[in-house]
Amino acid sequence: MIDESELLQFYVAQYRREAKKKGGYVRASGYEKRIGALRKALVRAGIHQVSRSILEDYHRQIKNLLHIATRYRNKGAVSAILTQILPELIRLDLGLLLPEDRDSLDEGFFDYVEKNLPGGVCTRSLFDLCQSYRRYCIENRITELVPSRPELEFPKALAMSRRFILHIGPTNSGKTFQALERLKTARNGVYLGPLRLLALEVYEKMKDYGTPCTMLTGQECIETLGSRVTASTIEMADLGEKYDIAVIDEAQMVHDRDRGHSWTRAILGLLANEIHICLSPAAQGVITHLIRLCGDSFEILRYERKIPLCCEEHPFEFPDSVMPGDALIVFSKRSVLDVAGRLEERGIKASVIYGSLPPDIRRRQVQMFAGGETKVAVATDAIGMGLNLPVRRIVFVQTEKFDGTSRRQLTVPEIKQIAGRAGRFGLYDAGYVTAMGQEALEYVRERFDAEEEPIGSVSLGFPQILLDLNESLDAILKVWHGVETSPPFVKVSIEDTLYLYDQASRRREYIDGFYDKKVLYRMISCPIDVKDRYVVALWLRYCENYTADVSLEFPSIQDLTGLFGIQKYETYYKQLDLYYQFSVRMGKIIDAKMLSKARARTESRIMGYLLGKKTNYISTCRYCGKKLPVGYNFGVCPQCFAMEHGGIGSFSKERKEKMKKRS
């Protein structure tokens, strides 16, 4: 760390040089009085009374006044600025720095500013310059530690001569079936898929084949004695284990901004002699690019749908057009329960499938539909992720979704992935697709036949070797994410990770291990629903208390006092998952019996709600109480919305008050 005298010398040199440059018009009248006033203001200013913007304004004022004093050859004024004002400016500048910023002030800082930000000290606060310098240092260290080519992070895989078999085809083409046929012969094999339900399905198929199998996901582990195959979710891939045969399913997910890096990691780093990859045609280019980077060989097996898929001519009308074997597609939990409630009004039993349902409940809902207990399924796009449902027709009740950022229309790949679930081979001669309303049907039909554009990006995960850097974890994450990569690689989203870091940072004094980046990263990379405040609150308690005992505090449903109905039990199930995942990550003892019982009870309560009266979930206008249109995305009916915004017959004050009480 440099001392203040060195910093003063640097400031003086920088300000002298900038003062000699020709500048624009600067008001010269009364500049000596302004110098005196500025000196008094700086002397009086306390460290905690000055913001960064005020400091930057001081920097600019000093630069302009020194320029005038130099132009008029006023040695007294120049001396006052350099010997009286600049030391006070440095005092305030240093007062704004964090301890880690002070530590970064070294000789390299002077060289960096001189080369990259000449004159920067005359317009910017020292805090900003230090942040810029620290980012520069981290970028250099990242370049040193992380190979420019992602495949070089997996030297053991590069040393092998792996053989890839790409099973390329649309949904319902039998590509995953063929890959599993090979997997069941493995001496030591692994299946890696996107969902716990798919891992469970493969686990059961292997058992049916007579192949001992273990299931491993983020929620549980079901071990089998003498197991030859592990059925797992992609995030649980073990890159240290050697396999003779591996299957990677739904590899088009490689471009997903949140999870795609797990597919990239598996393809680049899996230690298997023979790797089968199941993917859609759109992903062929990026997957073969990854394989070529590793210098491995591959062959391509192409598949066609086993039965035709037809787009209907006439739009779907709810509920008159509902038929057995239909899967009605909407894009939120609220819409799923709403549509299921309307069907129940008509005496039609429906299975419901959406993302926040516990996996076993989703499975039981699928089994009810497959077994004929329910005639119709109402689902979100979770249905498109390889779930084997006996669907005859896919019905798009909605054709737009909220993707976490904005509400948008469905893309061609999304429509094809969901629509492809129609027409189960062996049950139907064809699959059908339709949409509710003529406009929606035309939108789906245009994209149903459209060529799917090739996937152009591959998600890249955070390299944990960077945790050895002597910088704060949030700074490392942000700088790493900002460093450009060569196509087709794109950095994984770190929004949730940074959010959890911020939550932990506010309680850092209570968290043992906060300053150990490897421990902290295990905490903040724990996959939880950051939008559920009850789950985040329990996660934060675990961060604070995990060292208190050999096991974590078991979640209590009594703590969820602000929640009711099905939402309460869905949140509790997420907390049970968090208990398991956090325990595994931090090496804590898990009360497996208690966890199993709590999950079973919670699943039973959720199932009870789903088997019970769904008409309570039908969406109504929060103002007038009338039923909202099917598939409607808002909480206020069109008439009330128009009146609320001053249309014809707009609400009176008394009417608004009554409606507020109702809502």
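Bear in mind the structure is a predicted one, so any value in this text is a computation, not a measurement.
- Between the side chain of Tyr534 and the backbone N or O of Lys574 there is no donor-acceptor pair closer than 3.5 Å.
- To the nearest 0.5 Å, atoms CD (Gln417) and OG1 (Thr171) are separated by 6.0 Å.
- Taking the six-membered ring where tryptophan is involved, the planes of Phe318 and Phe316 are tilted, since the angle between them lies from 30° to 60°.
- Of the possible donor and acceptor atoms, none in the side chain of Tyr443 sits under 3.5 Å from a partner among the backbone N and O of Arg447.
- There is no side-chain donor-acceptor pair under 3.5 Å between Gln575 and Asp559.
- Under the rule for a salt bridge (Lys or Arg N to Asp or Glu O under 4.0 Å), the partners of Asp381 that lie at least two apart in sequence or sit in another chain are Lys401.
- Within 6.0 Å of CG on Asp208 lie more than 12 heavy atoms contributed by other residues, nucleotides or ligands.
- Looking only at distances, no side-chain donor or acceptor of Lys627 sits under 3.5 Å from a matching main-chain atom of Ser619.
- With hydrogens and angles left out, the side-chain atoms of Glu250 and Gln252 include a donor and acceptor closer than 3.5 Å.
- Remark: the backbone N or O of Val458 is not paired with any side-chain donor or acceptor of Trp263 at under 3.5 angstrom.
- Atom CD of Gln409 sits in a crowded spot, with more than 12 heavy atoms from other residues, nucleotides or ligands closer than 6.0 Å.
- With sequence neighbours excluded, the residues satisfying side chain to side chain donor-acceptor pair (under 3.5 Å) with Tyr354 are Glu570.
- No more than 12 heavy atoms of other residues, nucleotides or ligands lie within 6.0 Å of NZ in Lys375, so this atom counts as exposed by the packing criterion.
- The closest donor-acceptor contact from the side chain of Ser604 to the backbone of Ala600 lies at 3.5 Å or more, if one exists at all.
- Listed by chain and residue number, nothing satisfies the salt bridge (Lys or Arg N to Asp or Glu O under 4.0 Å) test with Arg407 (two or more places apart in sequence, or in another chain).
- For the atom pair Thr176 OG1 and Asp249 CG, the distance stands at 4.0 Å (nearest 0.5 Å).
- Expressed to the nearest 0.5 Å, how far CE of Met215 lies from CD of Glu220 amounts to 3.5 Å.
- For the residue pair Arg393 / Thr434, no side-chain donor-acceptor distance below 3.5 Å is found, with atom types taken as modelled.
- Annotation: side chain of Pro359 is not in contact with side chain of Leu200 (no heavy-atom distance under 4.5 Å).
- No side-chain heavy atom of Arg421 sits under 4.5 Å from any side-chain heavy atom of Leu389.
- For Arg533, the CZ atom counts as loosely surrounded, since its 6.0 Å shell holds 12 or fewer non-hydrogen atoms of other residues, nucleotides or ligands.
- Between the side chains of Tyr573 and Glu603, at least one donor N or O sits under 3.5 Å from an acceptor N or O.
- Between the side chain of Gln219 and the backbone N or O of Asp577 there is no donor-acceptor pair closer than 3.5 Å.
- With hydrogens and angles ignored, the 3.5 Å screen pairs a side-chain donor or acceptor of His481 with a backbone N or O of Val492.
- A salt bridge links Arg259 to Glu235: at least one charged side-chain nitrogen sits closer than 4.0 Å to a carboxylate oxygen.
- Residue-environment remark: CZ (Arg346) stays at or below the threshold of 12 foreign heavy atoms within 6.0 Å.
- Judged by distance alone, with hydrogens and angles left aside, the side-chain atoms of Lys175 form no donor-acceptor pair with the main-chain N or O of Leu166 at under 3.5 Å.
- Ring-plane geometry between Phe582 and Tyr542 is classed as tilted, the angle between the planes lying from 30 to 60 degrees on a 0 to 90 degree scale.
- Looking only at atom types and distance, the side chain of Ser457 has no donor-acceptor partner in the side chain of Arg257 under 3.5 Å away.
- No close placement of the Phe402 and Phe331 rings is indicated, their centers lying 6.0 Å or farther apart.
- Side-chain atoms of Ser232 come within 3.5 Å of backbone N or O of Leu216 as a donor-acceptor pair.
- Checking each of Asp326, Val376, Thr374 against Leu343 for a side-chain contact (heavy atoms from CB on, under 4.5 Å) leaves exactly one that passes, namely Val376.
- Around NZ of Lys491, the count of heavy atoms belonging to other residues, nucleotides or ligands within 6.0 Å exceeds 12.
- At distances below 3.5 Å, not a single donor-acceptor pair connects side-chain atoms of Asp256 with backbone N or O atoms of Met253.
- A salt bridge links Asp338 with Arg342: the closest approach of a Lys/Arg side-chain nitrogen to an acidic carboxylate oxygen falls below 4.0 angstrom.
- Leu578 contributes atom CG, which lies 5.0 Å from atom CG of Leu538 (distance to the nearest 0.5 angstrom).
- Side-chain contact between His167 and His276 is present, with at least one heavy-atom pair separated by less than 4.5 Å.
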### Task
Would you check, one step at a time, whether the test side chain to side chain contact (heavy atoms under 4.5 Å, CB included) holds for Ile353 with Val336?
CA-CA 8 Å; Ile353 302 166; Val336 168; over 6 Å; no
